[in-house]
Amino acid sequence: MSGIDLHTHSTASDGTESPAEVVTSARRAGLEVIALTDHDTAHGWDEAAAAAARHGVGLVRGMEISCSRHGRSIHLLGYLVDPDHPGLATEIGYAREARVSRLRRMVEKMAADGIPLTYEQVVAQVPPGATEGRPHIADALVANGAVANRDEAFVRWLGNDSPYYVRHYAPDPVDAVRLVVEAGGVAVHAHPFGRGRGAGAGDSLIEEMAAEGLGGLEVYHRDHDEAARRHGLEMAERLDLLVTGSSDYHGAGKENRLGENTTAPGVLAEIEARASGVVPVLR
Ligand code: AMP
Ligand code: FE
Ligand code: FE
Ligand code: ZN
C-alpha cells in the first residue's frame, strides 16, 4: 500500500501507540505520509518527527481540535499550525484543562450509580502529558474487567447520549477555524457526517465555517456511508473545499486501520501551499 493518511492518534491523546510507534506502524503499512493529529495538543510532534526522519515517512504535524456549539460536538483538524500562536495555544490549553475536571465528574457519576470505577484508576490509564478523554475511562473499565474493549464501554456508558456524559469547554467551530488560519495552518472538518448525535456540524454550520476560511472536508472516513460521501463531495464542490481521506487511527483502541482511507497527493500539495510554512511538512 502506498498513500497519505491525514488523521492519526497517539498516546499524546487517546491512541494506544506512542508517536514513534504510530510512525513505525505507518511505515509497516507502506504509507508515504501521515498526519499526527492528537486531540487538542501538539505534544507528540517532536517524537513523531524524529521517528519520521528515521523511517523515511513524511509527516504532517497537526491536531484535532474539539469544538462545540449548542451541545453539538464538532472536530476540526488543524494542519501545519503554529502551536505557539497565542490565541490557538490559549484555546487548546483551556480545553485540555476543562477535560480534567470533566473526566472526574463523569467518573463520579458512574461510581455513584454503582459502576465499579475510581478516578485514580482512570488517571492510571492516562499516559504522561496526554490530553485526557473518555477513552481513558474506557481503558480503566477494561482493566477492571467491566467491559471487553473501548467500544463496549462507549456503547454501555460513555456515549454522548449517556446519562454519565459531561461536556467540557471547547471553542466554537467558527472561532477555531479562524484560529487555525491565523496560526498559519489549514482547517479541515473531521468526519463531518459521522454517525450519531453530536457527530458533525450540519450543512449550515459548514457553510459558516467555509466563510471563515475552512479548507476542506474529511469525506473519506469509515464513519461515512455512501450517501454521506456523496453529500460531502457535493458540498465540497459547491463551497470550493478540499476533500481528504484518513483512517482516524487509534492503535488498538479502535478497529480503524492505517491507510484504510487516504488523501490524494494533489490535495496534500494544496494544503502545503496554503499553510504559512512556519510548520512545514517533513519529508
Ligand atoms: P472525548 O474526547 O473525551 O470527548 O472522547 C471522544 C473520543 O472517544 C473520540 O475521539 C474517539 O477517539 C473515542 N471514541 C468515541 N466512540 C468510541 C468507540 N465506540 N470506541 C472507541 N473509541 C471511541
Ligand atoms: Fe480520539
Ligand atoms: Fe474525531
Ligand atoms: Zn480523530
Side-chain angles (χ1 to χ4, degrees), residues 5-19 22 25-26 34-45 48 60-69 72-79 81 92 95-96 99 102-103 106 122 125-127 130-139 142 149-151 153-155 158-160 165 167-168 170-171 173 176-177 180 187-201 205-206 209 214 216-224 228 232 244-263:
D5 184 339
L6 291 185
H7 185 166
T8 71
H9 296 269
S10 74
T11 49
S13 65
D14 58 6
T16 64
E17 295 177 355
S18 70
V22 173
S25 296
I34 60 162
L36 184 72
T37 52
D38 278 301
H39 298 286
D40 299 326
T41 189
H43 183 64
W45 285 14
V60 175
R61 288 165 288 178
M63 55 181 71
E64 185 176 23
I65 303 169
S66 291
C67 308
S68 78
R69 181 184 281 187
R72 288 181 79 93
S73 158
I74 293 115
H75 286 181
L76 186 73
L77 294 159
Y79 294 122
V81 285
I92 63 177
R96 284 197 307 269
R99 284 168 168 277
R102 171 271 201 144
L103 218 60
M106 283 190 69
V122 174
Q125 297 297 328
V126 181
T131 301
E132 298 186 15
R134 284 175 279 167
H136 300 117
I137 303 181
D139 290 346
V142 172
N149 52 47
R150 283 185 178 181
D151 188 52
F154 270 85
V155 169
L158 300 178
N160 290 29
Y165 179 72
R167 285 188 213 162
H168 63 81
V177 167
V180 167
V188 171
H189 184 2
H191 42 78
F193 312 108
R195 296 178 282 255
R197 190 176 73 99
L205 185 44
I206 290 174
M209 291 161 75
L214 180 70
L217 295 177
E218 187 184 50
V219 172
Y220 301 107
H221 186 284
R222 73 154 55 204
D223 288 358
H224 293 165
T244 68
S246 75
S247 63
D248 204 353
Y249 182 65
H250 282 70
K254 273 185 168 181
E255 286 176 4
N256 310 26
R257 292 302 91 192
L258 281 167
E260 66 179 29
N261 287 293
T262 55
T263 295

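We count ligands from 1, going down the list as the structure has it; atoms in each ligand are counted the same way.
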Next on the checklist: His7: which residues meet the ring pair (Phe, Tyr, Trp, His ring centres under 6.0 Å) condition with it, sequence neighbours left out?
Outcome noted: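 In terms of ring pair (Phe, Tyr, Trp, His ring centres under 6.0 Å), with neighbours along the sequence ignored, His7 is linked to His9.
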Checklist entry - Residues two or more places apart in sequence or in another chain: which of them pass side chain to side chain donor-acceptor pair (under 3.5 Å) with Thr131? => result none
Checklist entry - So, the side chain of His75 versus the backbone of Ser73: is there a donor-acceptor pair under 3.5 Å, distance only? => result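 It does not hold such a pair.
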Checklist entry - Of the non-hydrogen atoms in Tyr79 and Val60, which two are nearest, and what is the gap between them? => result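 In this case the closest contact between Tyr79 and Val60 is CD2-CG1, 3.8 Å.
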Checklist outcome for this item: Count of protein N, O or S atoms below 2.8 Å from the Zn ion (ligand 4) equals 4
Checklist entry - If you look at His250, which of its N/O/S atoms is nearest to the Fe ion (ligand 2)? => result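 When I compare the N, O and S atoms of His250, NE2 is nearest to the Fe ion (ligand 2).
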Next on the checklist: Please name the atom of Asp14, limited to N, O or S, that comes nearest to the Fe ion (ligand 2).
Outcome noted: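 That would be atom OD2.
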Checklist entry - Within less than 2.8 Å of the Fe ion (ligand 2), any N, O or S from His9? => result no
Checklist entry - Would you call Arg99 and Asp40 a salt bridge, using N to O less than 4.0 angstrom? => result yes
Checklist outcome for this item: Atoms of type N, O or S from the protein that sit nearer than 2.8 Å to the Fe ion (ligand 3) number exactly 3
Next on the checklist: If only side-chain N and O atoms count, and only distance matters, is there a donor-acceptor pair under 3.5 Å linking Ser247 with Asn256?
Outcome noted: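 Per modelled atom types, Asn256 and Ser247 side chains form no pair under 3.5 Å.
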Checklist entry - Does a sphere of radius 6.0 Å around OH in Tyr220 hold more than 12 heavy atoms from other residues, nucleotides or ligands, not counting ones at 6.0 Å or beyond? => result no
